[in-house]
Amino acid sequence: RFRGMDYGYLWWIIDREKNIYAAIGNSGNVIYVNPEKNIVVAVASYFKPTVFDRVDFIREYMEPFICEQQKAAAFCNLSADKPTILGFTNHAYFNLEGEGSGTVHNHQLQVFADEYTPFDDTACPTGEILPVEGTPMDFREMVRVGDRIDDVFFVPGRGIDNNFVLRPIPEGQQLQHAATLLADGREMQVWTTQPGLQVYTGNWVDQHVGKSGRQYDVQHAICLETQYFPDSPNHVNFPSPILRPGDIYYSRTDYKFII
C-alpha cells in the first residue's frame, strides 16, 4: 500500500522502450515505480483520464483477456534483463448462482490434483508436497463445497485457502484441466499452463457491497487462482518462479463456461 492505495486494485502498465513504469489508480492517479529498486518514487495526480481515455491507454499496453464463445483467457508473456521473481495469478471471484446469491456452499468443485503443499502455523508452506488421498484436500471427484469447507483442516483460513499441485500437462496438449465448478445448471472449467491452483472461498470478505448494491459476506464466492506454488523462491523442490535473462515467461489460463 502507498498513501492509502492498494497495489492489487491498480492497472499496471510497463513499457521498457517508452520508459513507462506506472500504475493507474481508480481516481486517475498515476504511481511511478523505480524498476531498479522496486520502490515507488512519485505519485502524480494530474493525470485524470476519462473512462474512454483510460480504456484506450490500457489497450495499448495490456491485453489480459480475450473472450470468445463463453470463454475468457488470461495471458502473460514476459522477458527480463535481470533475474526476476514472478508471482502472477488471477484473483477473480466467482459465484455461479448469480450476484448476491449467498454462499458458495452448494457449488460442486473438482480439482485435478493428486498432491498439495501444506503450510505451517504462520500460513507459510513447509516445502513438503503431500498426497491429497485420505485428506480433506482430496477434490479429485466432485465435492459439495459446503460439505468440506468447515472441516477442522480448513479452520486456520476460515475456509478453503490452499494450494493444489496440478498434474503435468498431457503430452500433445497446451493446457492442463485444473478444476471444474458446478452450480445452478452452470459449469466453469479452468485450464492452465501453471503448476499450481490456489482455491480460496472468500473467507475474509466481510460485509462488502458489490455489484448492483448487493451484499457480499464470508464464503459468498470462490477463487480458482492458477499460479506458482506459494513461497516458491524459498523451496528448491518447487517449480522455480524465477525468470532469467534470455528466457521467455509464458502463462495462459482459460475459463470456459457451459450453460
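Heavy atoms only: backbone and side chains are in, while hydrogens, waters and symmetry mates are out. Quick caveat, the model's predicted, so the values are computed rather than measured.
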Do any N or O atoms from the side chain of [X] and from the backbone of [Y] form a donor-acceptor pair under 3.5 angstrom?
| X | Y | value |
| --- | --- | --- |
| Thr84 | Lys82 | yes |
| Asp254 | Trp191 | no |
| Thr201 | Asn203 | no |
| Arg252 | Leu175 | no |

Say whether [X] and [Y] are linked into one hydrophobic cluster, either directly or through other cluster members, by side-chain heavy-atom distances under 4.5 angstrom.
| X | Y | result |
| --- | --- | --- |
| Tyr116 | Val145 | yes |
| Leu130 | Phe153 | yes |
| Ile149 | Val132 | yes |
| Leu96 | Tyr93 | no |
| Phe119 | Val199 | no |

Can you name the closest pair of heavy atoms from [X] and [Y] and give their distance?
| X | Y | value |
| --- | --- | --- |
| Trp204 | Gly157 | NE1-O, 3.6 Å |
| Leu166 | Leu197 | CD2-CB, 3.9 Å |
| Gln176 | Pro168 | OE1-O, 3.2 Å |
| Phe164 | Ala113 | CB-CB, 3.7 Å |
| Pro230 | Gln198 | CG-OE1, 3.8 Å |
| Ile129 | Thr117 | CG1-CG2, 4.3 Å |

How many angstroms lie between [atom1] in [X] and [atom2] in [Y], if you round to the nearest 0.5 Å?
| X | Y | atom1 | atom2 | value |
| --- | --- | --- | --- | --- |
| Gln174 | Ile169 | CD | CD1 | 9.0 Å |
| Leu182 | Leu109 | CG | CG | 9.0 Å |
| Thr180 | Gln108 | OG1 | CD | 11.5 Å |
| Asp150 | Arg158 | CG | CZ | 11.5 Å |
| Asn234 | Cys124 | CG | SG | 7.0 Å |
| Asn95 | Ile222 | CG | CD1 | 9.5 Å |

Step through the shown structure and confirm whether more than 12 heavy atoms of other residues, nucleotides or ligands are within 6.0 Å of CD on Glu141.
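Not buried by this count: 12 neighbours or fewer within 6.0 Å.
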Is the number of heavy atoms from other residues, nucleotides or ligands under 6.0 Å of Gln215 CD greater than 12?
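Atom CD in Gln215 is crowded, with more than 12 foreign heavy atoms closer than 6.0 Å.
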Counting the benzene-type ring for Trp, do [X] and [Y] have ring centres under 6.0 Å apart?
| X | Y | result |
| --- | --- | --- |
| Phe229 | Phe238 | yes |
| His177 | Phe112 | yes |
| Tyr255 | Phe94 | yes |

Under the salt bridge (charged side-chain N to carboxylate O under 4.0 Å, His left out) rule, collect the residues that match up with Asp217, sequence neighbours excluded.
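Salt bridge (charged side-chain N to carboxylate O under 4.0 Å, His left out) check on Asp217 returns nothing, list empty.
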Mind checking whether [X] and [Y] have side chains closer than 4.5 Å, heavy atoms only?
| X | Y | answer |
| --- | --- | --- |
| Ser232 | Ser240 | no |
| Gln227 | Asn163 | yes |
| Tyr216 | Glu99 | yes |
| Pro83 | Pro245 | yes |

Taking only residues two or more places apart in sequence, or in another chain, which ones meet Tyr200 in a ring pair (Phe, Tyr, Trp, His ring centres under 6.0 Å)?
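Once residues adjacent in sequence are excluded, the partners of Tyr200 under the ring pair (Phe, Tyr, Trp, His ring centres under 6.0 Å) criterion are His91.
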Check ring pair (Phe, Tyr, Trp, His ring centres under 6.0 Å) between Phe154 and all other residues, then give those that pass, not counting sequence neighbours.
none
Would Leu224 and Met188 count as a side-chain contact (heavy atoms from CB on, under 4.5 Å) if you check the C-alpha gap in whole Å, the side-chain angles of each, and the deciding distance to 0.1 Å?
CA-CA 10 Å; Leu224 300 174; Met188 184 180 79; 3.6 Å; yes
Any side-chain donor-acceptor pair under 3.5 Å between [X] and [Y]?
| X | Y | answer |
| --- | --- | --- |
| Asn90 | Glu225 | no |
| Thr253 | Thr226 | yes |
| Thr192 | Gln194 | no |

SB check Asp184 Arg186 (cutoff 4.0 Å):
yes
Go through Gln219 and His105 one step at a time and tell me if the side-chain contact (heavy atoms from CB on, under 4.5 Å) criterion holds.
CA-CA 8 Å; Gln219 300 177 357; His105 290 186; 2.7 Å; yes
Applying side chain to side chain donor-acceptor pair (under 3.5 Å), can you list everything that pairs with Asn162, at least two apart in sequence or on another chain?
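Once residues adjacent in sequence are excluded, Asn162 has no partner under the side chain to side chain donor-acceptor pair (under 3.5 Å) criterion.
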Hey, could you give me each pair passing salt bridge (Lys or Arg N to Asp or Glu O under 4.0 Å) that has a residue in residues 109-123? Not counting sequence neighbours.
Asp114-Arg140, Asp114-Arg167
Among residues two or more places apart or on two chains, list those pairs meeting salt bridge (Lys or Arg N to Asp or Glu O under 4.0 Å) that have a residue in residues 229-247.
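Passing the test, one end in residues 229-247: no pairs.
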Worked verdict on Asn106 versus Glu97 for side-chain contact (heavy atoms from CB on, under 4.5 Å):
CA-CA 9 Å; Asn106 285 327; Glu97 294 180 324; 3.8 Å; yes
